[in-house]
Amino acid sequence: MPSITQLARAELRDLIPYQSARSIGGAGEVWLNANEAPTAPDIQAACTALNRYPEPQPQQVLAAYARYAQVPAENVLITRGGDEGIELLVRAFCQPGRDALIYCPPTYGMYAVSAAANGVSALTVPQRANFQLDLPAIAHALDSQPVKLIFICNPNNPSGTRLNRADLDALLAMTRGRAIVVIDEAYIEYSAADTLAGELPRQPHLALIRTLSKAHALAGIRCGFVLANPELIGLLAKIIAPYPIPTPVADIAAQALSAAGLAQMRQRVADTLAERAALQAALQQSPLVREVYASAANFLLARFSDGPAVFQALWQRGIILRSQENAHGLANCIRITVGSHAENDTLIRALRQLEQTP
């Protein structure tokens, strides 16, 4: 009799799942591994009618996010975090066993996982040494297989890099009529001028991934968005779950997108940027650190002389960071979320202690 695993789809048997910050574990008091906001917003859930199914696309949230993103409501689809948007795009545009997508490591791991889970070939086009797109290599990959999607993260995770706007424009030009360009803007609030939302009317093959998890400090409610032209949104709406947004999530999201909620978010971003600058300066003074890369997000990528040793030593002290040791080109690198002033200070004091360890 075949085992349960043998009955599963072949491509899933050897699939290595995405390792989220929580699944990796750790026991500590300073959590700087998931790019979360260090404090929760001042929001109170008030919904009580939980015996009824929610709106498939809560209109109050839809309208509020459209106003915030400065796009028409017809250009918005609400999803269960940004990850569902990624999954929907792969399912909508890629035929398993035939089509391919492109992603550019080092970058967010769910693009490759969603491809593998859906039987879609994932072509890797590594970024250049300066964490910018390799456009000639992308053009070559486009010609090598039937590519339907290209996933780009801007600002990029885990490097924090802002991608060159001219390169993104060139990518949109080379893919017009050939593939959907998906720009993951999970961290866009920390570099607001880089959004491509204004390009949607001119770029029918452009889709943006957004989330309330980062700057809006609502990682716990799993609320995201896809921004795209109405035709593309309509295709995704055909395959999304019937009731993807729970009523309490819609209630909290609407509050976060109110004038008061957005004011809180903008102050939170300003505070994070100030803390990021201070943390970067402190890291650069450490003899354990070889380089701290410029970041346009709420985290820093630092290359250490011995990244695994520093990561493990801090882990044992209850300071949980995110090792990038196995990411493309990131040996000895650690990604560090910008935490509160107290959390960042605890990290730096621990590094000072490690510097004095024989």
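Values below: every heavy atom of this structure, side chains too, minus hydrogens, waters and symmetry copies. The first residue of the sequence shown is numbered 1, and numbering continues consecutively from there.
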Group every Ile, Leu, Val, Met, Phe, Trp and Tyr by side-chain heavy-atom contacts under 4.5 Å, then state whether [X] and [Y] land in the same group.
| X | Y | value |
| --- | --- | --- |
| Leu218 | Val269 | yes |
| Leu171 | Val182 | no |
| Val181 | Leu235 | no |
| Val76 | Leu262 | yes |
| Val147 | Ile180 | no |

Derivation of the salt bridge (charged side-chain N to carboxylate O under 4.0 Å, His left out) call for Arg178 and Asp143: CA-CA 10 Å; Arg178 301 180 65 182; Asp143 292 333; 2.9 Å; yes
Of all heavy-atom pairs between [X] and [Y], which one has the smallest distance, and what is that distance?
| X | Y | result |
| --- | --- | --- |
| Tyr293 | Cys333 | CE1-SG, 4.4 Å |
| Gln264 | Asp42 | OE1-N, 3.0 Å |
| Pro155 | Cys153 | O-SG, 3.3 Å |
| Ile239 | Arg91 | O-NH2, 3.3 Å |
| Tyr190 | Ala296 | CB-O, 3.3 Å |
| Leu288 | Leu351 | CD1-O, 3.9 Å |

Could you tell me whether the side chain of [Y] reaches within less than 4.5 Å of the side chain of [X], counting heavy atoms only?
| X | Y | result |
| --- | --- | --- |
| Asn33 | Thr337 | no |
| Ile78 | Pro58 | yes |
| Leu172 | His205 | yes |
| Ile348 | Arg352 | yes |
| Ile188 | Leu208 | no |
| Leu279 | Leu347 | yes |
| Cys223 | Val249 | yes |
| Thr346 | Arg317 | no |

Residue pair Glu87 / Asn118, side-chain donor-acceptor N/O under 3.5 Å: yes
Pair Ser286, Glu355: side-chain N/O donor-acceptor within cut-off below 3.5 Å: yes
Lys NZ or Arg CZ of Arg210 over Phe225 ring: under 6.0 Å, within 45°: no
To the nearest 0.5 Å, what is the distance between [atom1] on [X] and [atom2] on [Y]?
| X | Y | atom1 | atom2 | answer |
| --- | --- | --- | --- | --- |
| Leu227 | Leu77 | CG | CG | 9.5 Å |
| Leu314 | Leu354 | CG | CG | 5.5 Å |
| Arg80 | Leu88 | CZ | CG | 8.0 Å |
| Phe151 | Cys104 | CZ | SG | 11.5 Å |
| Arg128 | Leu133 | CZ | CG | 9.0 Å |
| Glu231 | Glu74 | CD | CD | 12.0 Å |

Test log, rule side chain to side chain contact (heavy atoms under 4.5 Å, CB included), inputs Ile320 and Leu32: CA-CA 6 Å; Ile320 313 301; Leu32 301 177; over 6 Å; no
Side chain to side chain contact (heavy atoms under 4.5 Å, CB included) assessment of Met174 paired with Leu142: CA-CA 9 Å; Met174 79 166 64; Leu142 276 169; 3.7 Å; yes
[Y] backbone acceptor or donor facing [X] side chain under 3.5 Å:
| X | Y | answer |
| --- | --- | --- |
| Asp251 | Thr247 | no |
| Gln59 | Gln57 | yes |
| Asn164 | Ala166 | no |
| Asn344 | Ser340 | yes |
| Thr124 | Pro126 | no |
| Glu343 | Val30 | no |

From CA spacing to verdict: side chain to side chain contact (heavy atoms under 4.5 Å, CB included), Leu101, Lys148: CA-CA 6 Å; Leu101 61 80; Lys148 292 292 186 67; over 6 Å; no
Check against side chain to side chain donor-acceptor pair (under 3.5 Å), Asn157 and Arg335: CA-CA 9 Å; Asn157 174 22; Arg335 194 191 69 192; 2.8 Å; yes
CA sep, side-chain torsions, deciding dist, call: Glu185, Ile209, side chain to side chain contact (heavy atoms under 4.5 Å, CB included): CA-CA 5 Å; Glu185 294 189 341; Ile209 302 290; over 6 Å; no
Should the heavy atoms of other residues, nucleotides or ligands under 6.0 Å from [atom1] of [X] be counted, would the total exceed 12?
| X | atom1 | value |
| --- | --- | --- |
| Arg162 | CZ | no |
| Gln60 | CD | no |
| Arg202 | CZ | yes |
| His328 | NE2 | yes |

Ring geometry between Tyr111 and Tyr108 (parallel below 30°, tilted from 30 to 60°, perpendicular above 60°): perpendicular
Aromatic ring pairing Tyr68/His216, orientation class (parallel under 30°, perpendicular over 60°, tilted between): perpendicular
Lys/Arg N to Asp/Glu carboxylate O, Arg303 vs Glu291, below 4.0 Å: no
Charged N-O contact under 4.0 Å between Arg222 and Asp83: yes
Salt bridge (charged side-chain N to carboxylate O under 4.0 Å, His left out) between Glu199 and Arg165, intermediate numbers included: CA-CA 12 Å; Glu199 290 297 313; Arg165 177 58 187 268; 3.0 Å; yes
Sub-6.0 Å ring centroid separation between Tyr53 and Tyr243: yes
Side chain to side chain donor-acceptor pair (under 3.5 Å) partner of Tyr187, the single match among Asn156, Asn35, Asn154, Asp194: Asn35
